[in-house]
Amino acid sequence: MIEDKNSARTPLSELGEFGLIDHLTKNFEIKQPTTDVGIGDDAAILDFGDQKCVISTDLLIEGVHFDLSYVPLKHLGYKSVMVNLSDIYAMNATASQITVSIAVSNRFPLEALEELYAGIQTAANLYNVDVIGGDTTSSTSGLIISITALGYAKQEEITYRSGAKNNDLLVVSGDLGAAYMGLQVLEREKQVFNVNPNAQPDLDQYTYLIERQLKPEARKDIPELLKALEVQPTSMIDISDGLSSETIHLCTKSEVGVHLYEEKIPLDPAVISICEEFNLNSTTVALNGGEDYELLFTIKQEDYPKIKANPNLTVIGHMTDKNDGMGLVTRANEKIEIQAQGWNPIKKEG
Ligand code: ADP
Ligand code: MG
């Protein structure tokens, strides 16, 4: 009989905690010059020289932040890393290390964790970050993943949410709304599957949307691009909860208002057509969808010529006086107040 590798189920108890950590991390190599000591001692040692160290952490809980019935573990590992690196890039910094902590119930065999770590390793290699430690423990219900990302930047390059000024241009990378619509497609297929487990979904036309949901890419390229163009953004944030709520964060922290133009919001054609299919307004989806992991930032007007030809960047508005409020200028040239619906699942419970 040919053994199906995917059906092998090695209980974690066969390895013990230390055997498991060793097994999962033995292939991680140290590549970053800022990593002095990685996995293996009580703590890692980093040396950032004269740069500032930037740190961000995230916690992902099964059933709240991800659903393993349609998220493959490898993708989950990859995405967990992206979510964190995105926060480092949003500071206009270079990501260099991550730590990975997991809590697993005995429902998960070794092979499941190998898949998770394969995704983590792929992400770490592609984004050139070292895995320098973590923690491993058991959980009574499901899987919990916490990743901490570290990075570095010169003091003068670090970009905060609070630096936007009146008249600065508001710029976004990539396009918006696709990850949210990918989730809608996956949820719909899950319902279909629950009714008829033999149904073979044809998801080809939704590839871009599903990829944006399951395998997002953090915008490592944007801080690099801005440096190359000699543009120092005045404020920046990554789009995890949706364009509205991130725009509001920038305005509130910077004490400015905004005019955001509906017609400028970048949408992929796949988002426009799926919104028609689901009978949703694509602007609403782009504003509130979330999980795009694009970067939203402001630049000085005088820097506009440096970025205007770049297909990765779209100017979607400009900052105004705080007293003007935060407005979306619609295609019909009406100004409506931007509201944060957000997407963060925690808000649903509150
Ligand atoms: P301690 O008992 O001091 O917490 P551990 O046995 O948990 O030490 O960890 C031993 C080493 O393995 C440390 O370097 C730790 O950072 C690393 N480590 C533990 N769990 C993980 C994990 N899930 N992924 C990556 N590294 C890990
Ligand atoms: Mg430990």
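Remember, it's 1-based here, ligands and their atoms both numbered in the order they're listed. All residue numbers refer to positions in the sequence shown, counting from 1.
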Would you say [Y] and [X] are linked by a side-chain donor-acceptor pair, where the criterion is simply a distance under 3.5 Å?
| X | Y | answer |
| --- | --- | --- |
| Ser244 | Asn288 | yes |
| Gln213 | Lys79 | yes |
| Thr283 | Glu262 | yes |
| Asn92 | Lys227 | no |
| Thr57 | Thr148 | yes |

Ligand 1 atoms in contact with Phe18 (distance to a heavy atom under 4.0 Å): 6 (O)

Atom indices of ligand 1, in the order listed, that fall short of 4.0 Å to a heavy atom of Thr25: 24 (N), 25 (C), 26 (N)

Proximal candidate to [atom] [heavy atom criterion; set [options]]:
| atom | options | answer |
| --- | --- | --- |
| atom 18 (N) of ligand 1 | Ala43, Gly40, Ser146, Gly134 | Gly134 |
| atom 13 (C) of ligand 1 | Ile102, Ile132, Asp41 | Asp41 |
| atom 26 (N) of ligand 1 | Gly133, Ala103, Gly38 | Gly133 |

Structural part of Asp135 in contact with ligand 1, heavy atom criterion under 4.0 angstrom: both

Proximity of Leu24 to ligand 1 by residue part, where a heavy atom lies under 4.0 Å: neither

Any side-chain heavy-atom pair of Leu243 and Leu260 under 4.5 Å: yes

Heavy atom of Ile39, distance to ligand 1 below 4.0 Å: yes

Contact with ligand 1 for Tyr117, non-hydrogen, under 4.0 angstrom: yes

ILVMFWY network linking Tyr152 to Val54, side-chain heavy atoms under 4.5 angstrom: no

